[in-house]
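All heavy atoms count here, side chains included; hydrogens, waters and symmetry mates do not.
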Amino acid sequence: MTDINSEETSSQDVVLYEVRDGVAIVTMNRPEYNNAQNSKMTYALDAAFKRASDDDDVKVIVLAGAGKHFSAGHDIGTPGRDVDKTFDRASLWYDHTNKPGGEFLYAREHEVYLGMCRRWREIPKPTIAMVQGACIAGGLMLAWVCDLIVASDDSFYADPVVRMGIPGVEYFAHVHELNPRIAKEFLFLGERMPAERAYQMGMLNRVVSREELKEETLAIAGRIAKMPRLGLQLTKQAVNNAEDLMGKRTTMDMVFGLHHFAHSHNDLVSGDRLAGFDGKSMAASQRETSKDKKKAEA
């Protein structure tokens, strides 16, 4: 496996890259932080996806997460949090680090969240998310940009950011991944959705045991890789365009504005853009929500 990081002094390869029989396997590699996404990881993912797109020998791309969980979402509290750091940007958005007020996060998240996720969705090759364990908030964005999702039966899904007063993550695809009423339930309650229900809602393509997850995902990727490259690209483009005609992109633009209004409101009211939450307190709130749900069901 090869490191895709831009920082040569890195003590850890935050994204790993491997090619097997025409399938590129891109692996998030911060298992000690449940693959929470800092900017370093996000830019490394972007470089890995570009590498796979540029390689004519790669027909399919698999996105994976090392360790127990696929991704716990955006990094809002690990020692590697780098929201204040400058990176070589992948779009034409300007640097956010010296910008005042709401412009700070608006510029950053247009680049590293909304912009990158939209670009990854348009990769002209089929992509498959291989999901185990937690797929939370920003983790949903990474899975949702992929064309297929193959998941372990112990995986679970949640977007608890309404607890921060924020209407869902930046890449707002909830209404397209779930039907509108279920999307409201998913957001209003912030509870974990188990793999079985996510499959019933049409969010997942396959659910298998954790032991079978990698084998099944690579088997599906291998079958897709036998199809003609242009046929796959045109089919993906057709389906993506149909989604956009149904309002997916327009909805995202609208909700991104609401999302940043919420950040600015939090900053004005509490002095903190995230309403005082960090990774640990959000995880604790999720555990408390799960306990409350179990009590209610008892």
Engineer: Hey, are Asp278 and Arg81 close enough for a salt bridge, meaning a charged N less than 4.0 Å from a carboxylate O?
Structural biologist: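 Judged by the 4.0 Å cut-off on N to carboxylate O distance, Asp278 and Arg81 do not form a salt bridge.
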
Engineer: Report, as yes or no, whether the 6.0 Å neighbourhood of atom CZ on Phe104 holds more than 12 heavy atoms from other residues, nucleotides or ligands.
Structural biologist: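 Count over threshold, so yes.
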
Engineer: Taking atom OG of Ser209 and atom CD of Glu215, what is their separation to the nearest 0.5 Å?
Structural biologist: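 Taking OG in Ser209 and CD in Glu215, the distance rounds to 9.0 Å.
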
Engineer: Are Met141 and Phe172 close enough that some pair of their side-chain heavy atoms sits under 4.5 Å apart?
Structural biologist: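 When only atoms from C-beta onward are counted, Phe172 and Met141 do not touch, as no gap falls below 4.5 Å.
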
Engineer: Check whether Arg30 reaches the backbone of Ala36 with its side chain - one donor and one acceptor, N or O, closer than 3.5 Å.
Structural biologist: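 Such a contact is found between Arg30 side chain and Ala36 backbone.
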
Engineer: Determine yes or no for a side-chain-to-main-chain donor-acceptor pair under 3.5 angstrom, with Thr251 supplying the side chain and Gly247 the backbone.
Structural biologist: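 Yes; judged by distance alone, with no hydrogens or angles, the pair exists.
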
Engineer: Under the 3.5 angstrom rule, does the side chain of Arg210 hit a backbone N or O of Lys68 as a donor-acceptor pair?
Structural biologist: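 Yes, Arg210 side chain to Lys68 backbone: donor-acceptor pair under 3.5 Å.
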
Engineer: Hydrophobic cluster membership, with links at side-chain heavy-atom distances under 4.5 Å among I/L/V/M/F/W/Y: are Met193 and Leu142 in one?
Structural biologist: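 Yes; tracing contacts between hydrophobic side chains, which count when under 4.5 Å, links both residues.
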
Engineer: Judged by atom type as modelled, is there a donor-acceptor pair below 3.5 Å linking the side chain of Lys59 to the main-chain atoms of Lys226?
Structural biologist: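 Absent.
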
Engineer: Checking side chain to side chain contact (heavy atoms under 4.5 Å, CB included) against Glu216, which of Leu213, Ile220, Leu218 comes through?
Structural biologist: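 Going through Leu213, Ile220, Leu218 one by one, the side chain to side chain contact (heavy atoms under 4.5 Å, CB included) with Glu216 is satisfied by Ile220 alone.
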
Engineer: Report the relative orientation of the aromatic rings in His259 and Phe256; use parallel for angles under 30°, tilted for 30 to 60°, perpendicular for over 60°.
Structural biologist: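 It falls in the parallel class, under 30°.
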
Engineer: Are Ser264 and Arg273 linked by a side-chain donor-acceptor pair shorter than 3.5 Å?
Structural biologist: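 Looking only at side-chain atoms, Arg273 and Ser264 do not form any donor-acceptor pair under 3.5 Å.
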
Engineer: Can a salt bridge be assigned to the pair Arg108 and Asp84 using a cut-off of 4.0 Å between side-chain N and carboxylate O?
Structural biologist: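 Between Asp84 and Arg108 there is no salt bridge, as every charged N stays at least 4.0 Å from the carboxylate O atoms.
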
Engineer: CD/Glu185 to CG/Leu178 distance, rounded to the nearest 0.5 angstrom?
Structural biologist: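 With rounding to 0.5 Å, CD (Glu185) is 9.5 Å from CG (Leu178).
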
Engineer: Do Glu170 and His110 have side-chain atoms, one donor and one acceptor, less than 3.5 Å apart?
Structural biologist: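 No pair is found: no donor N or O on one side chain lies under 3.5 Å from an acceptor on the other.
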
Engineer: I'd like to check the side-chain contact (heavy atoms from CB on, under 4.5 Å) partners of Leu268; sequence neighbours left out, ordered by chain and number.
Structural biologist: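 For Leu268, no residue satisfies side-chain contact (heavy atoms from CB on, under 4.5 Å) once neighbours in sequence are set aside.
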
Engineer: Hey, is Asp54 close enough to Lys50 for a salt bridge, meaning N to O under 4.0 Å?
Structural biologist: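 Salt bridge flag = yes for Lys50 with Asp54.
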
Engineer: Less than 4.5 Å apart, any side-chain heavy atom of Thr42 and any of Met116?
Structural biologist: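 A side-chain contact under 4.5 Å exists here.
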
Engineer: Out of curiosity, Ser155 OG to Met130 CE, how far, rounded to the nearest 0.5 Å?
Structural biologist: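 If I round to the nearest 0.5 Å, the distance is 12.5 Å.
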
Engineer: Does a donor on one side chain sit under 3.5 Å from an acceptor on the other, for Ser270 and Asp272?
Structural biologist: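 No, because no side-chain N or O of Ser270 sits under 3.5 Å from a partner of the opposite role on Asp272.
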
Engineer: Any chance the side chains of Asp75 and Thr78 put a donor and an acceptor closer than 3.5 Å?
Structural biologist: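 A donor-acceptor contact under 3.5 Å links the two side chains.
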
Engineer: Less than 4.0 Å between a side-chain N and a carboxylate O, is that true for Lys236 and Asp147?
Structural biologist: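 Result for this pair is yes, salt bridge flagged.
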
Engineer: With a 4.5 Å cut-off on side-chain heavy atoms, are Val58 and Val19 touching?
Structural biologist: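 Result yes, sub-4.5 Å side-chain heavy-atom pair found.
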
Engineer: Given the rule in the side chain to side chain donor-acceptor pair (under 3.5 Å) test, do Thr86 and Asp95 qualify, once you have shown the distances and angles that lead to the verdict?
Structural biologist: CA-CA 7 Å; Thr86 297; Asp95 186 26; 3.1 Å; yes

Engineer: Just checking, is any N or O donor in the side chain of Gln132 or His69 under 3.5 Å from an acceptor N or O on the other one?
Structural biologist: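 Short answer, no.
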
Engineer: For the side chain of Asn266 and the backbone of Met164, is there at least one donor-acceptor N/O pair under 3.5 Å apart?
Structural biologist: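 Here the side-chain-to-backbone pair exists.
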
Engineer: Using only heavy-atom distances, determine whether the side chains of Thr250 and Asp253 contain a donor-acceptor pair under 3.5 Å.
Structural biologist: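 The criterion, which ignores hydrogens and geometry beyond distance, is not satisfied for Asp253 and Thr250.
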
Engineer: Looking only at atom types and distance, does a side-chain atom of Ser71 sit under 3.5 Å from a main-chain N or O of Asn35, one as donor and one as acceptor?
Structural biologist: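 Yes: the side chain of Ser71 pairs with the backbone of Asn35.
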
Engineer: Are Tyr157 and Val162 co-members of a hydrophobic cluster defined by side-chain heavy atoms under 4.5 Å apart?
Structural biologist: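 Linked within one cluster.
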
Engineer: To check you understand the geometry: which heavy-atom pair defines the closest contact between Leu105 and Val83, and what is its length?
Structural biologist: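 Distance-wise, the nearest heavy atoms are CD2-CG2, 4.3 Å.
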
Engineer: Are Arg20 and Glu18 ion-paired here, with the side-chain N under 4.0 Å from a carboxylate O?
Structural biologist: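 Result for this pair is yes, salt bridge flagged.
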
Engineer: I'd like to check Val175 versus Pro180 (side-chain heavy atoms, cut-off strictly below 4.5 Å). Are they in contact?
Structural biologist: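 They are in contact (side-chain heavy atoms under 4.5 Å apart), so the answer is yes.
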
Engineer: Quick one: which of Arg118, Arg249, Lys248 gives a salt bridge (Lys or Arg N to Asp or Glu O under 4.0 Å) with Glu243?
Structural biologist: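 Exactly one candidate clears the test, Lys248.
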
Engineer: For the CG atom on Asp21, are there more than 12 heavy atoms of other groups (residues, nucleotides or ligands in this structure) within a distance under 6.0 Å?
Structural biologist: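 Atom CG in Asp21 is not crowded, with 12 or fewer foreign heavy atoms closer than 6.0 Å.
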
Engineer: Can you tell me which residue among Phe49, Tyr171, Trp144, Tyr113 is in a ring-ring contact (aromatic ring centres under 6.0 Å, His included) with Trp120?
Structural biologist: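 Considering Phe49, Tyr171, Trp144, Tyr113, a ring-ring contact (aromatic ring centres under 6.0 Å, His included) with Trp120 is found only for Phe49.
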
Engineer: Test your reading of the model: is there a side-chain donor-acceptor pair from Asn29 to the backbone of Asp13, 3.5 Å cut-off?
Structural biologist: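 Yes, the answer is positive, given that a donor and an acceptor are paired below the 3.5 Å cut-off.
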
Engineer: Output yes when a side-chain donor or acceptor of Asp153 lies under 3.5 Å from a complementary backbone atom of Glu196, and no otherwise.
Structural biologist: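 Side chain of Asp153 to backbone of Glu196, a donor-acceptor pair under 3.5 Å: no, none is there.
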
Engineer: With a 3.5 Å distance limit and no angle check, can you tell me whether Asn38 reaches the backbone of Asp82 through a side-chain donor-acceptor pair?
Structural biologist: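 Not at all, since once roles are kept as given, no pair shorter than 3.5 Å links the two residues.
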
